[in-house]
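Naming: A, B, ... by sequence-line order, numbering from 1 per chain.
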Number of protein chains: 2
Amino acid sequence: MLRIALEQFCEIGYVGTSLQNIADRAGYSKSSVLYHFASKEALLEAAIAPAVDQLDALLTHSINRISSAELREAFVEEFIDYLLEFRLQAHVIINQGQSLAGIPTIDRARQSIDRLSESFMAELPTTAQRIRLGVALAGAAYVLVAVPPMAEEVVPIQDVRAALIAVVSELVTPLSLQHTVSSTTLSSTPSL
Amino acid sequence: MLRIALEQFCEIGYVGTSLQNIADRAGYSKSSVLYHFASKEALLEAAIAPAVDQLDALLTHSINRISSAELREAFVEEFIDYLLEFRLQAHVIINQGQSLAGIPTIDRARQSIDRLSESFMAELPTTAQRIRLGVALAGAAYVLVAVPPMAEEVVPIQDVRAALIAVVSELVTPLSLQHTVSSTTLSSTPSL
DNA sequence: TCAGGAGTTGACCGAACGGTCAGATAGCGT
DNA sequence: ACGCTATCTGACCGTTCGGTCAACTCCTGA
């Protein structure tokens, strides 16, 4: 049922998905849905909470990991694997997080992302470097998030994983951390 | 008024934006909005139609342009400039296009994107190459689309433009078109 | 001066929304 | 056989949605 709700939230958006819609797809009545989950918002939170927990854990022990090239490599791999595992939840957070501000779990997710971004931005002084990292992470996230859920057979997931790790690593690895000309400071992140 | 509607559609989504909401922000009444635009859907179409027209034009004379390195370079630059000019419209199409299927102008936009993708996919046989292109284009699009509209001063747009063109070119340029091992054919694109 | 069109508005409508509630059903331990 | 609890449901409620409509206010050309 959480799975069905999550799929609907992805396909037609949280606001666009009605409880009746979810109930129909699940084979229950709207009242039954509200029996298991106190409200529509609680249903969303239950659906994405595990993904946010894991995101928080991933980012917490990944901060400052871009300082070293090897650590960066490991982080990229974990990041890609995270996206592969929580594609649907990431879809909701990335594409609808902005309009879903106010929902606690969503805010938690955005705080985690902001924390990561600030950690990165502090080490990447130039706009060019920041854009580079932004394109790498956002590109990987969006490519994975936009993949139709049924395309898993026609394109082997392992191929996609390997290709993503390769291209993101290529973008992230040569990021030098020298403190060159930094004309401005970026308060909010442009990526993810 | 179209600008206000477009901003609302971006911030809280098309379904989440009510005509009353737009009317309030514009300083008119809901009835006045519906006097100028036959329906909420017509308002959305009027807001994004110019962007879709230009997208269609851009892609039409850009197809097969990745065959040559120089043409690819020019395409990248035009693509980035297009995103810079139609950030809000691209935001709606990219983030909400899936749930807005059925609206003619949205469908037109998605058809254009599909046409471009198929053209690219036909020339890029391996998954790795396709992912590479997907990360480049989707990453650039998402970074631009997610930039807060007020950050224009703190980070000079020209810097962002130059950095984006650089990183996307770096990803797209070395794409070789040799017909190597192609185990599968991808029907739908994973990017954009 | 006045006829008429453009622009604006509040009142109103049916539909759909999220959510509540009392009751029906079924399974369980005793 | 009996209650108890968990699960499920239809009827219902208040609100908000997109959209219609008649009326009002201007402005303009004859």
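- The CD-P distance, from B:E41 to D:dG18, rounds to 12 Å in whole Å.
- Closest to the side chain of B:K40, from the set D:dG19, D:dT7, C:dT9, is D:dG19.
- An OP1 or OP2 oxygen of C:dG18 is reached within less than 4.0 angstrom by no side-chain nitrogen or oxygen of A:S39.
- The nearest whole Å value for the distance from the NE2 atom in B:H36 to the C1' atom in C:dA6 is 9 Å.
- Panel note: side chain B:Y14, backbone B:Q8; no donor-acceptor pair is recorded below 3.5 Å.
- Between A:K30 and A:D24 no salt bridge is recorded (no basic side-chain N to carboxylate O distance below 4.0 Å).
- Of the candidate nucleotides C:dG7, D:dA6, D:dT9, D:dA6 has the atom lying nearest to any side-chain atom of A:Y35.
- The CG-P distance, from A:L43 to C:dG19, rounds to 10 Å in whole Å.
- Under the ring-ring contact (aromatic ring centres under 6.0 Å, His included) criterion, B:Y28 pairs with no residue at all, not counting sequence neighbours.
- Not less than 6.0 angstrom separates the ring centroid of A:Y82 from the ring centroid of A:F75.
- In this structure, A:Y14 atom OH and C:dG18 atom P are separated by 8 Å, rounded to whole Å.
- Atoms CD1 (A:I12) and P (C:dC17) sit 10 Å apart, rounded to a whole Å.
- The separation between A:L19 atom CG and D:dT15 atom C1' is 15 Å, rounded to whole Å.
- Proximity of a side-chain donor or acceptor of A:R130 to a complementary backbone N or O of A:M121 within less than 3.5 Å is detected.
- In this structure, B:S18 reaches the sugar-phosphate backbone alone: every heavy-atom distance under 4.0 Å involves primed, P, OP1 or OP2 atoms, never a base.
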Expected rows: protein N/O vs nucleotides 20-24 of chain C N/O, under 3.5 Å:
none

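- For the pair A:N21 CG and C:dG19 C1', the computed distance is 17 Å after rounding to whole Å.
- Between the side chain of B:T173 and the backbone N or O of B:E170, no donor-acceptor pair lies under 3.5 Å.
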Would A:R108 and A:D56 count as a salt bridge (Lys or Arg N to Asp or Glu O under 4.0 Å) if you check the C-alpha gap in whole Å, the side-chain angles of each, and the deciding distance to 0.1 Å? CA-CA 8 Å; A:R108 264 182 55 219; A:D56 209 41; 5.3 Å; no
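- Residue B:D24 contributes atom CG, which lies 11 Å from atom P of C:dT9 at whole-angstrom precision.
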